[in-house]
Amino acid sequence: MLTLDFHPTGRHFLQIPGPSPVPDRILRAMSLPTIDHRGPEFGALGMRCLSGIQQIFQTRHPVVIYPASGTGAWEASLCNVMSPGDQVLMYETGHFASLWIKMATRLGLKPEVLTLPGLEGWRKGVQADLIEARLKADTQHAIRAVCVVHNETSTGVTSNIVAVRKAIDAARHPALLMVDSISGLASAEYKHDEWGVDVTVSGSQKGLMLPPGISFNALSPKAIEASRTAKLPKAFWAWDEIIEMNKTGYFPYTPNTNLLYGLAEACDMLLDPQHGGLPAVFARHQRWGEGVRAAVKAWGLEIQCADPAVYSPVLTGVMMPEGVDADAVRKLIYDRFDCSLGTGLGKVKGKMFRIGHLGDCNDLTLMGALSGCEMGLKLSGVKLAGSGVAAAMDYFAGHPSRMPLQKAA
Ligand SMILES: *Cc1c(COP(=O)(O)O)cnc(C)c1O
């Protein structure tokens, strides 16, 4: 039974890699009265959101905002630039990549999937050399787009988008570069323009610290050009009418007004120069990732990501020893310590769980979550090599945040 009035003491530890905890400042901003979406005030709010989100994507080009979850923005990205039967080269790094591939098939595209054999593909980032070799072999330029996931949320592995861009350029191939950074944006470094991405897909409930419900397509001039001749049916998702109305801050349909209040506030928080702006956002996620991985290593457990060069600053996948059901451990931690952890998805279900370290966290919320994990692992009978909590404390204490946490007096 749903018991929304049930409130134990203290705060629930929402340590899944999205939705991430929403700061009180954003919740308050969203509680403002809903306004007329055709009235004069709304245009100013729309402009604030559109300019803020462009800065977060690090782009000068249009960013389309949809009242939809990330999955909607995935569909939008494909149906705006593709035609029925188009070939797309998609790299499978994990469960989310495989869902995007499934969607491409359902939309009538012909995805060709690249990955490493066995579980390797789900433990490493995109291998750009495989993309380069495949594109070089495509002398007819039949492949219309290369699709990759920037931060694979199901495994805790990032991919080097600059290397993918270089691979496409080295093959002198005209394919569009399309990137899912739904969980990477505003946590892991991301530069839409500089990295030469044509369409970046993102969502609200991860690094942006908002509730679920809005999502994004960041565009390039080449993507906009492609959308003019692309033949997949598109109406609600079509970029052209939205971009046109966005010029004055309005939308062709009723936008998600209160979530946009939240988005404007989130942009202010993330971009605030007093707090160091985006570089400080990326640095703090890196630091949290280091602390959490120190704990996992001290427990003697294996990290899902097998390549330290691409450890995710957003989440860490913790693999269970043979014979331990990761979901039973998660359930115990949830029931006993009021802490939510991410489940293993797809082919790693039951074999690992995920600790989110994104958004509105700090050292002590992560220490709390790690304590819950350590107690839960012990109660589940998992043999630990040592205390991960002690290791994480040592890491956080020994590596102070570069940004001050308190206002200067
Ligand atoms: C969360 C997520 C999605 C799906 O987004 P929804 O908002 O659940 O539709 C897709 N890709 C990645 C990488 C994600 O983290």
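Atoms within a ligand are numbered from 1 in the order they appear, just like the ligands themselves.
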Using a strict 4.0 Å threshold on nitrogen-to-oxygen distance, state whether Asp169 and Lys166 make a salt bridge.
-> no
Which pairs would a plain distance check flag for residues 205-219, meaning a side-chain donor or acceptor within less than 3.5 Å of a matching protein atom at least two apart in sequence or in another chain?
{"unit_1": "Ser215", "atom_1": "OG", "unit_2": "Ala68", "atom_2": "O", "d": "3.0"}
{"unit_1": "Ser215", "atom_1": "OG", "unit_2": "Ser69", "atom_2": "O", "d": "3.0"}
{"unit_1": "Asn217", "atom_1": "OD1", "unit_2": "Ser77", "atom_2": "N", "d": "3.3"}
{"unit_1": "Asn217", "atom_1": "OD1", "unit_2": "Trp239", "atom_2": "NE1", "d": "3.0"}
{"unit_1": "Asn217", "atom_1": "ND2", "unit_2": "Ala73", "atom_2": "O", "d": "3.0"}

Salt-bridge test for Asp268 and Arg48: reply yes if a basic N is under 4.0 Å from a carboxylate O, no otherwise.
-> yes
Partners of Arg402 by side-chain contact (heavy atoms from CB on, under 4.5 Å), sequence neighbours excluded?
-> Ala283
Quick check, are the ring centers of His357 and His285 under 6.0 angstrom apart?
-> no
Any residue meeting side-chain contact (heavy atoms from CB on, under 4.5 Å) with Glu244, in chain and number order, not counting sequence neighbours | Lys247
Quick one, list the residues around ligand 1 where some non-hydrogen atom comes in under 4.0 Å, by chain and residue number.
-> Ser69, Gly70, Thr71, Trp74, Phe96, Val149, Asn151, Thr153, Asp180, Ile182, Ser183, Gln205, Lys206
